[in-house]
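Okay, so here's the structure we're looking at.
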Amino acid sequence: MTDTTQKIYLKDYTPPAFAVESIDLDIRLFDEYATVGAKLSVARQSAGELELFGRALSLLDVRVNGKALNADEYTLDDERLHLHDVPDVATIETLVRITPQTNTTLEGLYQAGTGDNAMFVTQCEPEGFRKITFFPDRPDVLCVYTTRVEADKKYPILLANGNLLEVGDAGDERHFAIWHDPTKKPSYLFACVIADLQVMSDHYTTIEGRDVLLEIYAAAQDIDKCHVAMQALKDAMRWDEENYGRAYDLDRYMIVATGQFNMGAMENKGLNIFNTSCTLSSPETTTDERSFFVKSVIAHEYFHNWTGNRITCRDWFQLCLKEGFTVFRDQSFSGDFCSKAVQRIEDVATLRAAQFPEDAGPLAHPVRPESFVEINNFYTMTVYEKGAEIVRMIANLLGKEKFRQGTDEYFRRYDGQAVTVEDFLSALSVADARVLDFLAWYRQPGTSLVSGDFVFDENSGVLTVNLAQKTRHVPNFAAPVALPIPVATAVFDSKTGKLLAEKMLLLTKAEDSFTFDDLPLDKGAAPLVSVLRDFSAPVNLDFAYSDEDLAKLAAFETQGFNRWQAVQTLVNRLLFGKSERVDLLIEALQVAVPKLLDSDAMLAARLFDLPSEKELAMGYETNYQPQAVKAARDALKAQVASALRDEIAAWYHALPAESYTDTPQARGRRLLKNVLLDLALSARIDAAADWAYERYENASCMSERLGALSAMVDFALPKAAQYLADFYERFADEELVIDLWFSVQAGAATSSVADIAALMARSDYDWQTPNRVRTTLGGLAAKPTMLWTQAGLDLYLSAVEKLDALNPVIAARLLSALARWYTLGAADKAMAQDKLTALQAKVSSKNVREYLDNLLDDSLLAKA
Ligand code: ARG
Ligand code: ZN
């Protein structure tokens, strides 16, 4: 038995002893099992044994150069097959038996759905290929794949990566297909699908003149919900050509949607596999938010073809090399298809709500980790989102042209290779040597705090901006160093609001000062500084604005993000008792919202944002009291709502009923109207209950219907139950809509832990479907006042325990929501510690154990 908590270190990386030139796979699916034959051509590159990984495989046969091996010619354990004395050039053949039908982990080859809906799909990233066949399953082993797939004809669709070479009859009501992928790829990009699905087809001609067949596979009832994804795919293909000079390289691009998938989607070469939740979209069944997300995930996976597939990672420590860059690319793409400011607001909100807490607790790790037990546990917000922020900082610092020069060099140098973060920075540094300094961002965990102020000398007319940075010392890492922090700064005339200057300040030391001299200021006027515009670095900011400065910036800022941020900063001060000026907030909204009603309703909606309870919890390192935080938040919301009572009603009615269109403006109006409905109920406007019923009845799309339903459930309106029942009945056949039905209730302020437990006890609650599991536990995790109670934690942790056995990837991810348990007040903290400790004795997966060990490791909780 291998030690399940063994750590792997970046510093121990060694190249593989053997290269694999090609693999021929022969996958045969039967009713109760599958067999997989593999034939590898290998060639020695350095000293050492040929190491093949394999997990949960039963080995039926192994041959070297055609000769069957005796038991003493190889060693086999739970994880590895070692072949002794392999010639320097050899053919290795193995035959194994696997059982995809009982594979509940959703890794490797697994059955998704049951009965007539059964299909078989793969998820190989990061280490699922070893659950299919014995192979050097590591990203630096790239080879050419030929895959024969054979199954019963009740599964008409047989897919694998690349081009289709041949199809035929295999006798006994069976058939086969042979696929060949000419591009060398690592095993984590292998995919295969055996299913009964329909297909939506289209074509795209690349800038190089290649005609590409585009196919999206989905269940018959869902095929008409693939138009949004198809359009997004074509948009993404064009966008990558225009913005990065990257064209698609195969004749076929396939996407397959499955209802059972651990993550959003997977970029397998030429054959993406997607969660239905990230593929399907129709106005009737999908919210605007989700529909927009579908587009961004389609783009994300497509962009991986160059950033991930053509150029891949040398080892899994380099995961951010492909994920950080690709997230930055999909965020930029999305920004081009909506309001750039709102896109940035949403990306930053996600970062703050999920990555900052991760970086502030016992699961903190650098964007490029240096050790791990289970790599699946490192598909984190830090790797993805903070990873994207680093690339964004570099892109902003270089500017469009130089960044393009750098990325061109990256693609030119490393196409077809498995590389590192250092390689990435080295290529980009041809455009600007300062890029190399950003390596520190990849290595150092913890969110930095940037503090500062500005001083204006009336006599000399010189404005000085003082900035300082500080990062906590994360246990087990070197003492923090000063990072290069780009601080985008603007100066306004504090009376007229005129924009006087814009500059990118680069803070590279612990403290520094920057001056602006020739400001075109009127006599007697004073400057007002706005820093960290567009969130130019992923840091916390404590800048010495007065409350009045913030109110002015909310009005003057020309940059949408900082306008929103000014309001948010004021809100935070109010919530933490650092300001009394709720009048300034109300005034800011009174001024800003009417101006935006027509031009940017989406931004108007966002101006009402209050930080989530989870985000507010970040304000406490000890004695965090969930009830008190919630009470303060609710009170501020009610206060603002009642102060703006009349305006809210007027704005709500100023947004007329309209038929559905999918434009950023229309999406913004729908969102704003949902926000206003919620505020109207907070303000106890009597008529608002009827507005909700009416909005539901006359909904033109899911965003309107769900907005109305959420409002009813959140405020426990008299007809909430009636409309919930209507909603269920209307959409009973739509799994993703039923997920919404679960979410609305689990996330509602008015539903208790017992209500959530009741949802989880229903027969349509399915532990095998991660989407369904997330609906309820996500709702609970978002409500700290319920999560951090005996009943809440018992429910949450019992789910972790159950999933530990069924699906460890999902089980471990659930635990990340508990990372800051130790900041609770004494009694809650002791309770949480007891329960987490009790769970430790009951779980066995590497995934859950690694996270739990970290959560309970005293030395990781110590504050520097
Ligand atoms: N590479 C995929 C993406 O970001 C995510 C797959 C992660 N899978 C996992 N089991 N951790 O698009
Ligand atoms: Zn990705």
Side-chain angles (χ1 to χ4, degrees), residues 55 103-110 112 121-132 137 139 185-191 229 232-233 236 240 255-258 260-269 271-275 277-279 293-313 316-334 350 367 369 372-388 391 770-771 774 803 806-816 845-848 850-851:
R55 196 180 289 162
N103 177 359
T104 62
T105 62
L106 314 191
E107 288 182 306
L109 176 62
Y110 64 92
V121 297
T122 52
Q123 171 57 36
C124 292
E125 184 182 5
E127 296 179 337
F129 194 65
R130 65 188 61 186
K131 299 174 87 171
I132 297 174
D137 185 17
K185 66 167 176 289
S187 49
Y188 81 88
L189 291 174
F190 171 78
L233 177 57
D240 212 15
I255 291 174
V256 176
T258 172
Q260 280 163 334
F261 202 72
N262 278 346
M263 321 283 283
M266 180 62 212
E267 69 265 22
N268 317 300
K269 184 76 189 187
L271 176 53
N272 290 181
I273 297 180
F274 266 65
N275 193 320
S277 71
C278 295
T279 319
F293 187 66
V294 165
K295 294 177 206 170
S296 76
V297 179
I298 294 275
H300 178 98
E301 306 310 335
Y302 176 73
F303 295 156
H304 268 315
N305 190 55
W306 276 96
T307 51
N309 302 3
R310 298 280 304 226
I311 304 182
T312 196
C313 304
W316 288 122
F317 295 101
Q318 320 293 331
L319 180 58
C320 62
L321 174 83
K322 73 177 178 81
E323 294 305 344
F325 193 9
T326 304
V327 171
F328 170 66
R329 279 150 54 71
D330 85 56
Q331 290 177 348
S332 313
F333 168 84
S334 296
T350 305
V367 170
F372 60 73
V373 172
E374 168 55 62
I375 181 56
N376 263 304
N377 283 350
F378 286 83
Y379 285 73
T380 59
M381 295 303 285
T382 298
V383 169
Y384 276 67
E385 308 299 322
K386 190 175 176 183
V391 181
N771 291 347
R774 283 187 276 257
L803 288 162
L806 278 179
N807 186 334
V809 168
I810 298 294
R813 293 180 85 81
L814 289 173
L815 278 179
S816 61
S845 72
K846 260 208 296 199
N847 311 54
V848 173
E850 178 179 30
Y851 266 17

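Just follow the structure's listing: the first ligand is 1, and inside any ligand the first atom is 1. None of the values given here were measured: they were computed from a predicted structure. Note that these values count all heavy atoms, side chains included, but never hydrogens, waters or copies made by symmetry.
In terms of protein heavy-atom proximity, atom 11 (N) of ligand 1 is nearest to N376 OD1, 3.1 Å. At the top of the distance list for atom 8 (N) of ligand 1, counting protein heavy atoms only, stands M263 CG, 3.4 Å. Summary of contacts: the protein heavy atom closest to atom 6 (C) of ligand 1 is E125 OE1, 3.5 Å. Looking from atom 12 (O) of ligand 1 to the surrounding protein, the closest heavy atom is E301 OE2, 2.7 Å. At the top of the distance list for atom 2 (C) of ligand 1, counting protein heavy atoms only, stands E267 OE1, 3.3 Å. In terms of protein heavy-atom proximity, atom 5 (C) of ligand 1 is nearest to Y384 OH, 3.3 Å.
Remark: R329 is positioned above the aromatic ring of F325, its terminal NZ or CZ atom under 6.0 angstrom from the ring centre and at most 45 degrees off the axis.
Relative ring orientation between Y384 and Y379 is described as tilted, the plane-to-plane angle lying within the 30° to 60° band.
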Worked check of side chain to side chain contact (heavy atoms under 4.5 Å, CB included) between T122 and L109:
CA-CA 4 Å; T122 52; L109 176 62; 3.8 Å; yes
Item to complete: In sequence, state the C-alpha distance, the side-chain angles, and the governing distance for E850 and N377, and then conclude on side-chain hydrogen bond (donor to acceptor under 3.5 Å, both in side chains).
Response: CA-CA 8 Å; E850 178 179 30; N377 283 350; 3.0 Å; yes
Next on the checklist: The test is side chain to side chain contact (heavy atoms under 4.5 Å, CB included); show your working for H300 and E323 and say whether it passes.
Outcome noted: CA-CA 9 Å; H300 178 98; E323 294 305 344; 3.2 Å; yes
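Side-chain atoms of I298 and F274, non-hydrogen and from C-beta on, do get closer than 4.5 Å to each other.
The pair E125-K322 meets the salt-bridge criterion, with a side-chain N (NZ, NE, NH1 or NH2) lying under 4.0 Å from an Asp/Glu carboxylate O.
Residues passing the ring-ring contact (aromatic ring centres under 6.0 Å, His included) test with F317 are F372, sequence neighbours excluded.
Against a heavy-atom cut-off of under 4.0 Å, K322 is close to the following atoms of ligand 1: 1 (N). Listed by atom number, the atoms of ligand 1 under 4.0 Å from A265 heavy atoms are 2 (C), 3 (C), 5 (C), 12 (O). With ligand atoms numbered from 1 in the order given, ligand 1 contributes 8 (N) to contacts under 4.0 Å with heavy atoms of Q123. The ligand atoms of ligand 1 that sit less than 4.0 angstrom from a heavy atom of M266 are 1 (N), 2 (C), 6 (C). The ligand atoms of ligand 1 that sit less than 4.0 angstrom from a heavy atom of H300 are 3 (C), 4 (O), 12 (O).
Without hydrogens or angle criteria, N262 side chain to T105 main chain gives a donor-acceptor distance under 3.5 Å.
The NE2 atom of H304, the Zn ion (ligand 2) and the OE1 atom of E323 define an angle of 100° (nearest 10 degrees).
With a heavy-atom cut-off of 4.0 Å, E107 does not touch ligand 1 at all.
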